[in-house]
Amino acid sequence: VQLQAYGGGLVQAGGSLRLSCTASGFTFSRSNMSWFRQAPGKKRDFVAAISWGGSFTDYAESVKGRFTISRDNAKNTVYLQMNSLKPEDTAVYYCGTDARARTYSGYGLRNRGNYVYWGQGTLVTVSS
């Protein structure tokens with residue numbers, strides 16, 4: 001299993017970035033996908049997730065209305081469109097997958113423990 005995240009960079013507050021994560025080594029179309037982020041000195045936190053069928057998405061409260069997760073099964077890629085970026089969005093962003101077509105109850109898509117494979121991360125820096 002390989003997950004390759006890219007698209008990070010330096011952006012001013014209020015700007016936008018689109019992160020991409022390209023997957024291989026598993027059945028992407030039948031896998032739940034997620035984005036988490038980790039700021040310096042902090043734990044890895046949930047950002048957004050999309051179900052394997054693409055019909056369900058979930059977002060952390062801090063990014064709801066600003067970030068959009070989507071997937072292109074033909075390209076084995078999951079995206080995170082980030083708008084109205086704030087300095088507090090600065091972090092390394094990781095994509096993760098459970099590599100299974102599992103339907104979670106409640107907030108299961110937010111549970112970091114459900115994701116067993118992770119990409120290397122891409123750094124997003126938002127300047128004020």
Which disulfide (SG to SG under 2.5 Å) pairs, counting each pair once, include a residue from residues 84-116, with sequence neighbours left out?
C21-C95
Is there any disulfide (SG to SG under 2.5 Å) pair reaching into residues 96-128, and which pairs are they, with sequence neighbours excluded?
none
Are the side chain of [X] and the backbone N or O of [Y] linked by a donor-acceptor pair below 3.5 Å?
X	Y	result
S34	G96	yes
S31	S29	no
Q120	A5	yes
R110	V47	no
N32	R102	yes

With sequence neighbours excluded, residues passing side chain to side chain contact (heavy atoms under 4.5 Å, CB included) with V124
L17, L19, M82, Y93, V126
Would you please name every residue forming a side chain to side chain contact (heavy atoms under 4.5 Å, CB included) with V116, sequence neighbours left out?
none
NZ/K64: more than 12 non-hydrogen atoms of other groups inside 6.0 Å
yes
Salt bridge (Lys or Arg N to Asp or Glu O under 4.0 Å) with [X]: which residues, sequence neighbours excluded?
X	result
D89	R37, R66
R44	none
D45	K43

Please list all pairs meeting salt bridge (Lys or Arg N to Asp or Glu O under 4.0 Å) that have one or both residues in residues 118-128, counting only residues at least two apart or in different chains.
none
What is the minimum heavy-atom distance between [X] and [Y], and which atoms define it?
X	Y	value
S127	L10	CB-CD1, 4.3 Å
S128	A13	CA-CB, 4.4 Å
G54	R71	CA-CD, 4.2 Å

Inter- and intrachain pairs under ring-ring contact (aromatic ring centres under 6.0 Å, His included), touching residues 38-68, at least two apart:
F36-F46
Those residues that, when tested against Q2, pass side chain to side chain donor-acceptor pair (under 3.5 Å) (two or more places apart)
none
For Y104, the side chain to side chain donor-acceptor pair (under 3.5 Å) test, sequence neighbours excluded, returns D98
Tell me whether V92 is reachable from M33 by hopping between hydrophobic residues (I, L, V, M, F, W, Y) whose side-chain heavy atoms are closer than 4.5 Å.
no
Look at the side-chain heavy atoms of Ile, Leu, Val, Met, Phe, Trp and Tyr, link any pair under 4.5 Å apart, and say whether L109 and L80 land in one connected group.
no
Show which residues join Y79 in its hydrophobic cluster (side-chain heavy-atom contacts under 4.5 Å, direct or indirect), or state none.
none
How many angstroms lie between OH in Y94 and OG1 in T122, if you round to the nearest 0.5 Å?
10.0 Å
Distance alone, cut at 3.5 Å: any donor-acceptor contact between the side chains of R112 and N114?
no
